[in-house]
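Heads up: the structure comes next, in structure tokens.
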Amino acid sequence: IFSFNLLLSTVSRIKRYKDVILMYNKMVYCNLLSDLCTLNILLNCFCNLKRVDLGFSALTLMLKRGYVPDVVTFTSLIKGCFVAGRIDEAIGLFKKAINTGCKLNARTWATLIDGLCGSGSYLVALALHKEMRKRNDVFDVGFKPNIICYSRIIDGLCKEGLVQKAKKLCLEMKSNGISPDVVVYTSLIEGLCYVGKWDEAKGVFIGMIDQGIHPDVITFTVLINDRCKKGKTDEAKGFIDLMVRMGEIPNSVTCNTLLEGFCLEGRIEDARKFFDSMEDNGYDRDVISYSVLMKGYCKHGMMDDVIELFEEMVSKEYKPD
RNA sequence: GCUAAAUUAAGGAUGA
């Protein structure tokens, strides 16, 4: 059976889930007795085929055969529930796993956070996180969120405008010995910008540099985006200069953001100047660069320029989207 | 001891 499991897992890993099921059926036909591992592979295939219902059937079979579902079983089923949009059931399974004494690992937790954040249930994720922390203080249930898990929740909270909660979670993370990285800092900066706390955002930016965390192109783009949306495009331009001095090269997203800023301020000439300078500086352009500038021209009724720009875009083999 | 939850995994930015 080990050999068969190895075969099935290999086929499963290359995503040929249906073939796994066919092979499994042949095994049954040949009276080969499967074990828990085989059933886990099978169950996972059902879940990945968006058939959690069949996944649960596999679970039933497992129980009927006297096997005790393990971490792998639960993790697969949780993922399957999310794939099928059955969020409440995913949470229910997670709790059931803990209550039945099944020791969950970092991966199970990551799967749950991934599913919750992926469906926008950030507050649910936070509540579960808190609950798990409490539980783990009483009895070790294997709850050890890594920086990715923290980061997803922190970012989600920031996007909901709940920076205070995000900051608190970040402090908790630190107290657990995990230092915030560039992604976490960037999320917090974006969250602060989102609620209009620019000074505090700038403070975090300076703070991260003090901590030796180098802001990257995304960090700068977040700052630039905020300044642009607040009508402070010159200040935004200043950040482009700063990032270059700090060794970060603006990418197309960074440039598009500033381009949009100029357009929003009605400074179409400056937008064009910057657009041209992008080429000179070797900064990347993409379809969005053209779209943004064309939108600017449209708003000013400069239709000839729009057409000219569009033709230039097509001639440079940028595909209109 | 070998096989299972894609650990070559999973988190942050721009226009429409």
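Here is the naming used below: chain letters follow the sequence lines, and residue numbers restart at 1 for every chain.
- A:N99 meets the side chain to side chain donor-acceptor pair (under 3.5 Å) test with A:R135; sequence neighbours excluded.
- Between the C1' atoms of B:A5 and B:A10, the separation comes to 14 Å (whole Å).
- Atom pair A:Y122:OH and B:G11:C1' shows a separation of 11 Å (rounding to whole Å applied).
- Side-chain to base pairing of A:N146 with B:G11: no donor and acceptor N or O lie closer than 3.5 Å to each other.
- Comparing the same atom, P, in B:U14 and in B:A9 gives a spacing of 24 Å after rounding to whole Å.
- Every residue two or more places apart in sequence or in another chain was checked for a salt bridge (Lys or Arg N to Asp or Glu O under 4.0 Å) with A:K79, and none qualifies.
- We find that CD1 of A:I113 is positioned 14 Å from P of B:G11, with the value rounded to whole Å.
- Across B:A4, B:A16, B:A13, the shortest atom-to-atom separation from the side chain of A:K295 is found for B:A16.
- The environment of CD in A:E308 is sparse: at most 12 heavy-atom neighbours from other residues, nucleotides or ligands sit within 6.0 Å.
- At a threshold of 4.0 Å, the pair A:K229-A:E260 does not count as salt-bridged, since none of the basic side-chain nitrogens sits closer than that to a carboxylate oxygen.
- Taking A:K144 as the reference, nothing meets the side-chain contact (heavy atoms from CB on, under 4.5 Å) condition, with sequence neighbours excluded.
- A:E248 meets the salt bridge (Lys or Arg N to Asp or Glu O under 4.0 Å) test with no other residue; sequence neighbours excluded.
- Taking atom P on both nucleotides, B:U8 is separated from B:U3 by 14 Å, rounded to a whole Å.
- The side chain to side chain donor-acceptor pair (under 3.5 Å) contacts involving residues 199-211 of chain A comprise A:K167-A:E200, where partners must be two or more places apart or lie in separate chains.
- Near RNA chain B, meaning a heavy atom under 4.0 Å from it, residues 43-70 of chain A has A:N44, A:D70 in order of number.
- With sequence neighbours excluded, no residue forms a side chain to side chain donor-acceptor pair (under 3.5 Å) with A:K165.
- Residue-level contact check: A:D226 touches neither bases nor backbone, having no heavy atom under 4.0 Å from any strand.
- Per the geometry, CG belonging to A:L39 stands 13 Å off C1' belonging to B:U3, to the nearest Å.
- A donor-acceptor contact under 3.5 Å is not formed by the side chain of A:D216 with the base of B:A13.
- Closest to the side chain of A:R13, from the set B:A4, B:A5, B:G11, is B:A4.
- Looking at the side chain of A:I218, the nearest of the listed nucleotides B:G11, B:A4, B:A13 is B:A13.
- For A:I147, counting side-chain heavy atoms from C-beta on, the closest listed nucleotide (B:A5, B:G12, B:G11) is B:G11.
- Every residue meeting the salt bridge (Lys or Arg N to Asp or Glu O under 4.0 Å) condition with A:D241, not counting sequence neighbours, appears here in chain and number order: A:K237.
- Listed candidates were B:A4, B:G11, B:G12. Nearest to the side chain of A:S151 is B:G11.
- Of the residues in residues 242-257 of chain A, those placing a heavy atom less than 4.0 Å from an atom of RNA chain B are A:N251, A:V253, A:N256, A:T257, in numerical order.
- By the side chain to side chain donor-acceptor pair (under 3.5 Å) test, A:K316 pairs with A:E279, A:E312, sequence neighbours left out.
- A salt bridge is absent between A:D137 and A:K134; no separation between the charged side-chain nitrogens and carboxylate oxygens falls under 4.0 Å.
- Within 4.0 Å (heavy atoms only), A:T219 reaches at least one base atom of the nucleic acid.
- Atom P of nucleotide B:A10 and atom CG of A:N105 are separated by 18 Å, given to the nearest angstrom.
- Residues that satisfy the side chain to side chain donor-acceptor pair (under 3.5 Å) test with A:T108, not counting sequence neighbours, are A:T75, A:N105.
- Atom CD1 in A:I224 sits roughly 15 Å away from atom P in B:A13 (whole-Å rounding).
- Among the protein residues, A:I148 comes within range of the nucleic acid bases, having at least one heavy atom under 4.0 Å from a base atom.
- Of the residues in residues 263-294 of chain A, A:I288, A:S291, A:V292 come within less than 4.0 Å of RNA chain B through at least one heavy atom, sorted by number.
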